[in-house]
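Worksheet: one structure, shown below.
Order of listing sets the numbers, starting from 1, for every ligand and every atom in it.
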Amino acid sequence: MTDISLTVNGVPRTASAEARRLLSDFLRHDLGLTGTHVGCEHGVCGCCTVLLDGEPVRSCLMFAVTASGHEVTTVEGLGGDGMSPVQQAFQDCHGLQCGFCTPGFLCTVTALLRDNPRPTDEEVVEGISGNLCRCTGYQNIIKAVHRAADLIAEEGTGP
Ligand code: FES
Ligand code: FES
């Protein structure tokens with residue numbers, strides 16, 4: 001076992017885990033942050049996407065120890081006290097059905113809109129191409145990304 005220290009959603013966290021512990025399992029089981037979902041467990045579905053120093057990563061493909069000393073943002077940390085503009089937009093546009101893929105989409109889209117505040121449809125499709133939704137609600141997800149861009153522009157905040 002080794003102590004793994006990192007910042008999660010702005011809070012310094014330390015927990016003891018095996019060196020081979022995956023970041024997804026570390027977040028869910030050792031830190032109790034079950035908002036990060038696990039689907040395929042081999043890097044295909046994107047459900048487990050979190051932000052590592054602001055960049056989307058598949059937490060099922062990373063060892064937790066690799067994230068030591070870094071900042072991780074999970075779906076629980078996107079909105080602060082309320083919903084983030086991206087979360088609000090997914091609600092407004094019915095951008096989720098069962099919701100299993102949603103935390104991964106929210107993290108991916110948060111980074112996408114930070115880097116490209118007014119993406120075209122094609123850029124949205126490209127940006128979310130690493131996240132699979134088995135409910136196949138992609139049209140509403142694309143609408144939600146544009147809605148989030150509007151909310152961010154109206155509020156003058158970040159995603
Ligand atoms: Fe990580 Fe599917 S659970 S990519
Ligand atoms: Fe069900 Fe995407 S909303 S898998």
Side-chain angles (χ1 to χ4, degrees), residues 2 4 6-9 13 15 17-79 82-116 119 121-152 159:
T2 183
I4 299 170
L6 65 174
T7 302
V8 183
N9 301 330
R13 302 289 300 264
E18 299 270 359
R20 65 184 177 181
R21 188 72 150 160
L22 295 172
L23 179 58
S24 50
D25 291 335
F26 182 75
L27 292 169
R28 289 177 53 82
H29 301 297
D30 299 321
L31 300 186
L33 294 168
T34 53
T36 298
H37 291 171
V38 173
C40 67
E41 292 189 89
H42 65 177
V44 174
C45 72
C47 281
C48 65
T49 303
V50 299
L51 301 177
L52 182 77
D53 297 333
E55 297 304 321
V57 295
R58 293 171 173 344
S59 59
C60 76
L61 290 185
M62 271 191 71
F63 292 123
V65 71
T66 313
S68 276
H70 292 270
E71 295 204 14
V72 172
T73 304
T74 67
V75 67
E76 290 94 339
L78 292 181
M83 283 196 280
S84 73
V86 175
Q87 290 170 314
Q88 183 66 54
F90 270 68
Q91 176 175 293
D92 293 348
C93 298
H94 308 288
L96 61 147
Q97 294 178 69
C98 77
F100 196 82
C101 68
T102 308
F105 269 99
L106 294 171
C107 290
T108 296
V109 170
T110 296
L112 170 69
L113 291 177
R114 180 201 60 213
D115 296 342
N116 182 359
D121 273 349
E122 290 72 23
E123 289 168 337
V124 173
V125 169
E126 169 80 21
I128 62 172
S129 59
N131 292 75
L132 303 182
C133 174
R134 293 193 68 181
C135 296
T136 66
Y138 291 105
Q139 289 308 314
N140 284 351
I141 290 172
I142 293 166
K143 277 187 209 163
V145 177
H146 291 305
R147 167 81 178 145
D150 289 342
L151 289 175
I152 292 162

Fill in: Interfacing atoms of ligand 1 (cut-off 4.0 Å, heavy-atom, Cys60)
1 (Fe), 3 (S), 4 (S)
Practice prompt. Show the numbers, then the answer: is there a side chain to side chain contact (heavy atoms under 4.5 Å, CB included) between Glu71 and Leu6?
Written response: CA-CA 6 Å; Glu71 295 204 14; Leu6 65 174; over 6 Å; no
Worksheet item: Hey, which atoms in ligand 1 end up nearer than 4.0 Å to a heavy atom of Cys48?
Response: 1 (Fe), 3 (S), 4 (S)
Item to complete: Mind listing the closest non-hydrogen atom pair of Thr108 and Gly127 along with its distance?
Response: CG2-O, 3.4 Å
Fill in: Heavy-atom pair with the smallest gap, counting every atom of Val38 and Phe100
O-CZ, 3.2 Å
Response to the item:
From the list Leu22, Thr34, Thr36, side-chain contact (heavy atoms from CB on, under 4.5 Å) with Leu27 holds only for Thr36
Response to the item:
In terms of heavy-atom contacts, Ala15 and Leu31 come closest through CB-CD2, 4.1 Å
Fill in: Part of Val44 within contact of ligand 1 (heavy atoms, under 4.0 Å)
backbone
Item to complete: Pull out every atom of ligand 1 sitting under 4.0 Å from any heavy atom of Gly46, numbered as shown with elements.
Response: 2 (Fe), 4 (S)
Discussion item. Any side-chain to backbone donor/acceptor pair from Arg21 onto Asp30? Under 3.5 Å, distance only.
Written reply: no
Fill in: Step-by-step side chain to side chain contact (heavy atoms under 4.5 Å, CB included) determination, Phe105 to Leu96
CA-CA 10 Å; Phe105 269 99; Leu96 61 147; over 6 Å; no
Item to complete: Would you check ligand 2 and list the protein residues that come within less than 4.0 Å of it by any heavy atom, ordered by chain and number?
Response: Gln97, Cys98, Gly99, Cys101, Cys133, Arg134, Cys135
Discussion item. Quick one: does any side-chain atom of His70 pair with a main-chain N or O of Leu52 as donor and acceptor, under 3.5 Å?
Written reply: no
Fill in: Beyond-backbone contact of Leu78 with Val86, side-chain heavy atoms, under 4.5 angstrom
no
Item to complete: Could you tell me which atoms of ligand 1, counted from 1 in the order shown, lie closer than 4.0 angstrom to a heavy atom of Glu41?
Response: 2 (Fe), 3 (S)
Worksheet item: Considering only heavy atoms of Cys40, which atoms of ligand 1 have at least one such atom less than 4.0 Å away?
Response: 2 (Fe), 3 (S), 4 (S)
Discussion item. Closer than 4.0 Å to some heavy atom of Gly43 - which atoms of ligand 1 meet that?
Written reply: 4 (S)
